[in-house]
Amino acid sequence: MPTRASQLFLPTLRDDPAEAEAASHRLLLRAGLVRQVGAGLYSFLPAGWRVHQKVVQVIREEMDAIGGQEMLMPLLTPAELWQKTGRYGLSELYKLNDRNERPFVLAMTHEETITFHAAELNSYKQLPQIWYHFGTKARDEPRPRAGLLRVREFIMKDSYSFDRDAEGLDVSYTKHAEAYRRIFDRCGVEVYECESDVGLMGGSMAHEYLAPCDAGENDVALCDRCDYSANVEVATSVATQPDFPPSRAKPEEIETPNATTIEALAALLGIDPRTTSKAMPVVGPDGKVVLGLVRGDHRLHELKLQKALGGEFRPAQPDEIREAFGADGGSLGPVGVTIPIIADATLREGSYVAGANRNGWHLLGVEAGRDFQATFADIREVSAGEGCPKCSGTLRVEPAIEVGNIFKLGTRYSVPLGAQYLNEAGELTPLVMGSYGIGPARTMAAVIEQRNDEKGIKWPASVAPWHVHVVSMTAAGPEVVAIADEVAAALEAAGHQVLLDDRDKRPGEKFADADLLGCPVRITVGKKTLEDGAVDVKSRDTGEESRVAAGEVAARVGELL
RNA sequence: CGGGACGUAGCGCAGCCUGGUAGCGCACCCGCUUUGGGAGCGGGGGGUCGCGAGUUCGAAUCUCGCCGUCCCGACCA
């Protein structure tokens, strides 16, 4: 049976909602697919839920194809599990008590719970295992944004692999990578498979599936020549090479009044900003002031510095700066200070202009090793135009939204939760785990981000709410209505899902709604087509329309899907 | 958590500065005409003006506090 628009709750909006900026956010609301309940909280309306279910089904089929076993775990979780793994303190974790004051959490992911179950595995003969579910996650996000792109509660497909060793994990990891490529391909989303940071999950290796789009929250560095792609959080690059001035025997002070920024300094001295160094005083995890040093034209990457420091840091306060350097921000440098210095690896070679730790003065000819000692690390953010670390190509940087990720967890969870098995030698051994996530709703939003025009969404057939949108020109008379009903029924019989617009509306409004909702094929039945016993078949993607005899509609639709 | 903006009918907005008891477009309901790209005319329903205090004879409008939402940043499996 076709879905009848006259009976369907599909509240389309003529105007853009004021609060929506991202394309997917705007279109999800306008097309009547979702509605907001609160910040980062959305209900899926009937048409939107159909799309979500289709994405879920694609994922399910591909997970099953790699041997995944579907199950379901609860959202509400005893706090104890999270206390054991040391994640109870995470600020994103919703915490609550039951009536007896027993502490619970709302799961933000299910490593703890699945590992609790994996404790029932006890022999190498049972391995490997891949388990997954579509489970609700709750996260106390500091800033939900852009509709479905960042929310506080959502359904995630998370799967977990259990292997006896690292080699086994490699196999499970690779299977997931291949399944993920198929999933996003089938959903019609372009993704980059990128090296990524392991983040709060812990573990040794991770990839993200990043769908390029304007509303993306991540930046991906991509090579124009090879397949290198990485989240800028971990991306590396070959820095451009400036022409350095001739080396000096020792640094020389120069007065630089009011030049407290790199731009001002370079302009004043008439030099290339790339031959300067930029000092970022921070307070490290041990509470002591540390100097982060990058080249003048580079940006310090906070996550990279955090890794180099071994924990979180904050910018130093003016009084802390004065005490450590004897000068104020804008005139700071590495020479003559007693605090630890972490310098970007770019600064190893070359002669730089650096702050003199004397207000209004800089030093010319500062060289690492000779004039100061530092720990070198990669702490700068890559930027477009720099060299690819793998080949001789050039990098570009694009925004993208993360739609999936895969992690090698190792024994990060199996050890604290006691998930072990006996090997052939009878030794108790922790399970080696991987975890793998996909957000169906985010995937749905990414499809919209990548496939839309000024009129609305352009769904691929695989996840479209309906395959065919039949516009029945009801005002043209009962004959037209009858034919539209027949065509819709015939298409359903042929295995296509049909939305029949039988509403008593004017044609323009029906066409506008069809374009907005974006089913891949639109069929118009009206007076014009009635005369030659045909219907008009239009592709939403290409806009091509052709008149097709009623008896051949199903075949023609089959070609378009 | 820092910065900015907004909150008036389902949606988009005006009114606020200069206080006098709420308005426009779309949508919705009824009637007539109309009908292949968001129709026309006529009639009609719908609002605790985010919440709470205060000032005032009188508050959507002025003051204070709170809440909510969006955007930028911080943050982010």
Colleague: Please confirm whether the ring centroid of Y160(A) lies under 6.0 Å from the ring centroid of Y436(A).
Modeller: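 Aromatic pair excluded; centres sit 6.0 Å or further apart.
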
Colleague: Taking atom C1' in both rG7(B) and rU18(B), compute the distance separating them and give it to the nearest angstrom.
Modeller: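 Rounded to whole Å, the distance is 23 Å.
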
Colleague: Checking base pairs now: Watson-Crick or wobble, both atom distances under 3.5 Å. What partners rC13(B)?
Modeller: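 When the pairing criteria are applied, rG23(B) turns out to be the nucleotide that pairs with rC13(B).
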
Colleague: For the base of rC76(B), is there a side-chain donor-acceptor partner from R150(A) under 3.5 Å away?
Modeller: yes

Colleague: Got a salt bridge between R540(A) and D453(A), using NZ or NE/NH1/NH2 to carboxylate O under 4.0 Å?
Modeller: yes

Colleague: Which nucleotide, if any, forms a Watson-Crick or G-U wobble pair with rC41(B), using both distances under 3.5 Å?
Modeller: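 Result: rG31(B).
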
Colleague: Tell me: CZ of F154(A) to C1' of rC76(B), nearest whole Å?
Modeller: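 The answer, rounded to whole Å, is 11 Å.
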
Colleague: Thinking salt bridges, do E111(A) and R87(A) make one under a 4.0 Å N-O criterion?
Modeller: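 Result for this pair is yes, salt bridge flagged.
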
Colleague: Using whole Å, what does the distance between atom P of nucleotide rG37(B) and atom CZ of R506(A) come to?
Modeller: 9 Å

Colleague: Please figure out whether R30(A) or A22(A) has its closest RNA chain B nucleotide nearer the 5' end.
Modeller: R30(A)

Colleague: Given rA39(B), rG36(B), rG25(B), which nucleotide is nearest the side-chain atoms of D15(A)?
Modeller: rG25(B)

Colleague: Is there a donor on the side chain of D16(A) or the base of rG12(B) sitting less than 3.5 Å from an acceptor on the other?
Modeller: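 No, the side chain and the base share no sub-3.5 Å donor-acceptor pair.
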
Colleague: Which heavy atom in T524(A) sits nearest to a heavy atom in F511(A), and how many Å separate them?
Modeller: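 Reported closest heavy-atom pair: OG1-CE2, 3.6 Å.
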
Colleague: Counting Watson-Crick and G-U wobble pairs only, both distances under 3.5 Å, name the nucleotide matched with rC76(B), or none.
Modeller: none

Colleague: For nucleotides rC26(B) and rG45(B), find the distance between their C1' atoms and express it as a whole number of Å.
Modeller: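 Each nucleotide's C1' atom is 16 Å from the other's.
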
Colleague: Please work out if Q36(A) contacts a base, only the sugar-phosphate, or nothing of the nucleic acid, heavy-atom cut-off 4.0 Å.
Modeller: sugar-phosphate

Colleague: Please report the distance, rounded to the nearest Å, between CG in D536(A) and C1' in rG37(B).
Modeller: 13 Å

Colleague: On the nucleotide rU34(B), are OP1 or OP2 found under 4.0 Å from the side-chain N or O atoms that K505(A) carries?
Modeller: no

Colleague: I need the CZ-P distance between R26(A) and rC71(B), as an integer number of Å.
Modeller: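 To the nearest whole Å, that distance equals 13 Å.
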
Colleague: Side chain of E545(A) only, heavy atoms from C-beta on: which candidate in rA74(B), rC11(B), rG36(B) is closest?
Modeller: rG36(B)

Colleague: Distance check, C1' atoms only: rA59(B) and rU48(B), in whole angstrom units.
Modeller: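 Each nucleotide's C1' atom is 15 Å from the other's.
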
Colleague: Given Y42(A), which of R35(A), E153(A), H25(A) fulfils the side chain to side chain donor-acceptor pair (under 3.5 Å) condition?
Modeller: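 Running side chain to side chain donor-acceptor pair (under 3.5 Å) over R35(A), E153(A), H25(A) with Y42(A) returns exactly one hit, H25(A).
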
Colleague: Please report the closest heavy-atom contact between L27(A) and L516(A), naming both atoms and the distance.
Modeller: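 Closest pair (atom of L27(A), atom of L516(A), distance): CD2-CD1, 4.0 Å.
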
Colleague: Reading RNA chain B from 5' onward, which residue's closest nucleotide shows up sooner: P142(A) or K527(A)?
Modeller: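 Final value for this comparison: K527(A).
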
Colleague: Where the side chain of A475(A) is defined as all heavy atoms beyond and including C-beta, which of rG12(B), rC76(B), rU35(B) is the nearest nucleotide?
Modeller: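 Looking only at side-chain atoms, A475(A) lies closest to rU35(B).
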
Colleague: Between rC57(B) and rG15(B), how far is it from one P atom to the other, in whole Å?
Modeller: 28 Å

Colleague: Is the base of rG73(B) touched by the side chain of R145(A) through a donor-acceptor pair closer than 3.5 angstrom?
Modeller: no

Colleague: Are OP1 or OP2 of rC75(B) and a side-chain N or O of R143(A) less than 4.0 angstrom apart?
Modeller: no

Colleague: Is a salt bridge present between E141(A) and R150(A), judged by a nitrogen-to-oxygen distance below 4.0 Å?
Modeller: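 Salt bridge present between E141(A) and R150(A).
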
Colleague: When you compare rG10(B) with rG73(B), how far apart are their C1' atoms, in angstrom units rounded to a whole number?
Modeller: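 Rounded to whole Å, the distance is 34 Å.
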
Colleague: Taking NZ, NE, NH1 and NH2 as the nitrogens, is one of them in D501(A) or R503(A) under 4.0 Å from a carboxylate oxygen of the other?
Modeller: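 Yes, this pair counts.
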
Colleague: Nearest whole angstrom, please: distance from the C1' of rG36(B) to the CG of D504(A).
Modeller: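 So the CG-C1' distance, D504(A) to rG36(B), works out to 16 Å.
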
Colleague: Both distances below 3.5 Å, Watson-Crick or wobble geometry, any strand: find the nucleotide opposite rU69(B).
Modeller: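 Paired with rU69(B), as far as the under-3.5 Å criterion goes, is rA5(B).
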
Colleague: In whole angstroms, how far is the P atom of rG68(B) from the CZ atom of R152(A)?
Modeller: 9 Å

Colleague: Measuring from the side chain of P17(A) (C-beta onward, heavy atoms only), which nucleotide among rG36(B), rU35(B), rG12(B) has the closest atom?
Modeller: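 Closest nucleotide to the P17(A) side chain: rG12(B).
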
Colleague: Pick base, sugar-phosphate or nothing for T529(A), based on heavy-atom distances below 4.0 Å to the nucleic acid.
Modeller: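 Here T529(A) touches the bases of the nucleic acid.
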
Colleague: With both distances under 3.5 angstrom, what nucleotide forms a Watson-Crick or G-U wobble pair with rG46(B)?
Modeller: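 Answer to the pairing question: none, since rG46(B) forms no Watson-Crick or G-U pair.
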
Colleague: Please measure how far the P atom in rG3(B) lies from the corresponding atom in rC66(B), and state the result in whole Å.
Modeller: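 One P to the other, the span is 14 Å.
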
Colleague: Is it the case that the base of rG37(B) and the side chain of K538(A) share a donor-acceptor contact (distance under 3.5 Å, atom types as modelled)?
Modeller: yes

Colleague: Taking only the C1' atom of each, what is the distance from rC49(B) to rG19(B) in whole angstrom?
Modeller: 15 Å

Colleague: Between P on rC70(B) and CG on L148(A), what's the gap in Å once rounded to a whole number?
Modeller: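 About 12 Å, once rounded to whole Å.
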
Colleague: What is the distance, rounded to the nearest whole Å, between atom CG of D501(A) and atom P of rU35(B)?
Modeller: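 About 19 Å, once rounded to whole Å.
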
Colleague: Find the partner of rU56(B): check Watson-Crick (N1-N3 plus N6-O4 or O6-N4) and G-U wobble (N1-O2, O6-N3) distances, both under 3.5 Å, and reply none if neither fits.
Modeller: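 WC or wobble partner does not exist here.
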
Colleague: Using atom C1' in both nucleotides, what's the gap between rA39(B) and rU34(B) to the nearest angstrom?
Modeller: 7 Å

